Number of protein chains: 2
Amino acid sequence: MQDCVKVAVDAMGGDNAPEEIVKGAVDAVNTRKDIQVILVGQQDAVEAELKKYSYPTEQITVVHAEEVIETAEPPVMAIRKKKQSSIVVGMNMVKQKEADAFVSAGSSGAILVGGQVIVGRIKGVERPPLAPLIPTEKGVSLLIDCGANVDARPSHLVQFAKMGSIYMEHVMNIKNPKVAIVNIGAEEEKGNALVKETFPKLKECKDINFVGSIEAREIPHGEADVIVCEAFTGNVILKLYEGVGSTFLSMVKKGLMSSLRSKIGALLIKPALKETMKSFDATAYGGAPLLGLNGLVVKTHGSSKAAEVKHSIIQCVTFKEQDINGKIKKNIIDSADGEE
Amino acid sequence: MQDCVKVAVDAMGGDNAPEEIVKGAVDAVNTRKDIQVILVGQQDAVEAELKKYSYPTEQITVVHAEEVIETAEPPVMAIRKKKQSSIVVGMNMVKQKEADAFVSAGSSGAILVGGQVIVGRIKGVERPPLAPLIPTEKGVSLLIDCGANVDARPSHLVQFAKMGSIYMEHVMNIKNPKVAIVNIGAEEEKGNALVKETFPKLKECKDINFVGSIEAREIPHGEADVIVCEAFTGNVILKLYEGVGSTFLSMVKKGLMSSLRSKIGALLIKPALKETMKSFDATAYGGAPLLGLNGLVVKTHGSSKAAEVKHSIIQCVTFKEQDINGKIKKNIIDSADGEE
């Protein structure tokens with residue numbers, strides 16, 4: 001098991017834990033020989049789930065964690081008090097280098113706080129951004145930052161752009177990824193104070209392919225691979241994306257049920273529509289990495305099913321193989337040198 | 001023509017001017033006897049269009065304006081230099097009380113600048129917000145502010161909430177409209193500095209029905225009637241709404257053309273789908289008012305066709321009949337008194 005990537009997985013996090021989480025872990029090790037999954041959670045519950053499946057048993061171990069952090073709990077307090085929670089235990093394994101990565105569908109707030117407080121930032125990284133992939137007409141784009149770091153400074157956004165570029169180039173395999181900043185117009189002089197100050201700094205960066213501003217309308221067309229914004233805007237974009245998509249779909253479905261004629265039509269288009277919807281579903285690409293930490297932390301949707309958990313686990317392998325953190329470290333050090 | 005509402009319309013603004021603008025004006029006066037439209041623009045071109053239609057000629061007049069402000073022009077400069085443009089001439093008519101309202105599909109920037117500089121703010125209004133209606137599952141919500149006033153202060157957002165409430169209650173006829181602030185979580189302690197500071201101020205307002213935070217995901221469900229945010233966020237929401245919707249629709253269409261089976265199905269569902277799309281189309285409700293000015297200025301989509309122009313013109317009647325500006329004035333004065 002020497003060259004295995006060790007992924008600690010929060011067996012208690014999300015709406016479908018532990019069932020779907022355990023199933024996702026089993027699917028991951030049944031797909032790949034080079035993964036060692038450590039399921040962190042209430043031992044009895046986790047083992048009861050594991051018993052349902054056949055898999056190479058040497059690839060999954062269980063580490064007991066008595067407590068569970070609920071989504072509604074204030075994150076800072078939860079991380080501080082619940083030392084025996086699956087999130088704190090899993091993150092400590094990353095900190096102690098007992099695991100390369102930690103995957104959780106649990107409380108976003110607790111994961112963001114825990115990432116900073118327990119795993120810790122790479123030296124020089126000012127803020128660790130949460131960077132989900134969002135579906136576009138052309139594939140996916142990285143939306144960076146969607147975390148809890150609101151009211152960011154220009155220097156944070158510049159680091160987001162660099163870390164995002166490294167991720168898209170080496171994990172998603174997009175050569176020379178296009179980086180754009182979310183703005184309310186295409187021109188350089190448009191924007192709020194933060195964007196106006198950040199724009200020229202991004203233009204100066206020689207190690208990214210900065211293509212300028214992107215208006216929100218263009219995001220779904222996939223015009224940029226790395227979409228830089230501060231976390232409040234990123235959160236609005238991410239959630240509106242989900243909200244408009246699902247509302248639209250439910251309205252189309254309702255419309256299709258409105259007459260006998262359309263019901264028959266609906267039966268005929270079902271396979272094609274399903275295929276279309278699949279291509280507009282980012283969950284197939286795994287979870288959102290929290291970048292810039294001394295180890296990898298991946299946040300998957302709270303509603304994650306086994307497939308997304310599996311993809312999130314497999315994503316950790318590429319992250320480690322490509323030495324993303326090594327590349328981020330080097331980039332941050334080089335950037336700091338350049339400023340002197 | 002005593003009790004007519006006089007609406008100046010920018011005959012040269014937008015992608016489909018003057019054809020669709022003139023047609024929209026004709027449709028408006030053919031629908032309502034109580035509207036007097038003043039088409040502002042290049043006389044020959046406008047009159048050539050008018051000749052195509054039959055309508056009560058006493059309800060439409062043409063005022064010549066030689067110049068046109070292009071969308072790409074820097075707005076402040078354009079408003080200052082092009083005194084004979086349709087936007088400047090039309091807005092001056094509102095200022096001089098020769099018109100009750102001005103409707104334009106032209107340059108957003110120029111309309112926002114002209115509204116403030118030429119028409120002028122109601123005394124006490126700190127910033128005039130641009131407030132489009134966005135479609136939801138339940139009808140429409142007012143998204144306030146989507147203008148150019150980025151980096152707003154809490155006191156601006158409080159005024160937006162009040163003006164938006166008055167508009168939704170008296171123009172859109174929604175009793176006791178629910179007001180929410182765009183946030184990245186439902187709890188009061190969530191948000192960026194602006195939202196955290198604004199939230200308690202909105203809670204204190206006795207003249208609005210403040211229901212708390214709204215996450216972007218909930219916006220399409222129509223959970224709030226008035227959605228308060230600063231303009232950068234509002235612009236991102238508005239444009240992403242359009243972008244995700246149109247991308248989604250084009251992907252569904254592409255999917256439907258992928259096989260013979262789905263093509264047949266597409267023919268069957270077409271009427272039902274069209275009906276659904278219509279209910280998710282805000283243009284039927286007219287344009288976006290620029291609130292808080294000494295007169296009404298309405299911005300319609302640059303891509304407006306006759307139907308949207310017509311609705312935008314008719315919308316001005318309700319605005320005047322309900323004395324929205326009188327109500328805003330009173331509210332602002334009462335609020336200022338309350339603070340003393």
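Being a predicted model, the structure only gives us computed values, none of them experimental. Order of the sequence lines sets the chain letters (A, B, ...), proteins ahead of strands, with each chain counted from 1.
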| message | Within a 6.0 Å radius of atom NZ on Lys196(B), are there more than 12 heavy atoms belonging to other residues, nucleotides or ligands? | response | yes
| Does Lys239(B) NZ have over 12 foreign heavy atoms under 6.0 Å away? | yes
| field | Selection from Leu194(B), Ile237(B), Leu238(B) maximising heavy-atom pairs under 4.5 Å formed with chain A | value | Ile237(B)
| message | Heavy-atom pairs under 4.5 Å with chain B - which of Val195(A), Leu256(A), Ile269(A), Leu240(A) has more of them than the others? | response | Leu240(A)
| Option that, when pairs with chain A are counted at under 4.5 Å, heavy atom only, ranks first among Asn235(B), Leu267(B), Ile264(B) | Asn235(B)
| task | Decide if atom CE of Met77(B) counts as having more than 12 heavy atoms of other residues, nucleotides or ligands within a radius under 6.0 Å. | result | no
| Quick one: of Glu242(A), Lys263(A), Glu230(A), who has the most non-hydrogen atom pairs under 4.5 Å with chain B? | Glu242(A)
| query | In terms of heavy-atom pairs under 4.5 Å with chain A, which of Ala216(B), Ser246(B), Gly243(B) leads? | reply | Ala216(B)
| message | Does Lys203(B), at its NZ atom, have more than 12 non-hydrogen atoms belonging to other residues, nucleotides or ligands within less than 6.0 Å? | response | no
| message | Tell me if a side-chain donor or acceptor on Arg261(B) pairs with a main-chain N or O of Leu268(A) at a distance below 3.5 Å. | response | yes
| field | Contact summary for Gly245(B) and Val244(A), nearest pair of heavy atoms | value | N-CG1, 4.2 Å
| request: Only one of Leu249(B), Leu273(B), Val252(B) passes side chain to side chain contact (heavy atoms under 4.5 Å, CB included) with Val252(A); say which it is. | output: Leu273(B)
| How far does OH of Tyr241(A) sit from OG1 of Thr247(B), to the nearest 0.5 angstrom? | 6.5 Å
| request: Please check if atom NZ in Lys138(A) has more than 12 non-hydrogen atoms from other residues, nucleotides or ligands closer than 6.0 Å. | output: yes
| query | Is Lys305(A) atom NZ crowded by more than 12 heavy atoms from other residues, nucleotides or ligands, each under 6.0 Å away? | reply | no
| Is chain B contacted by the side chain of Pro74(A), its backbone, both, or neither, given a heavy-atom distance below 4.5 Å? | neither
| Pick from Ala266(B), Ser258(B), Ala193(B): which one has the most heavy-atom pairs with chain A under 4.5 Å? | Ala193(B)
| said: Can you tell me which of Ser262(A), Cys146(A), Cys229(A) forms the most heavy-atom pairs within a distance under 4.5 Å of chain B? | reply: Ser262(A)
| Nearest heavy atoms of Val182(A) and Phe232(B), plus distance in Å | O-CZ, 3.4 Å
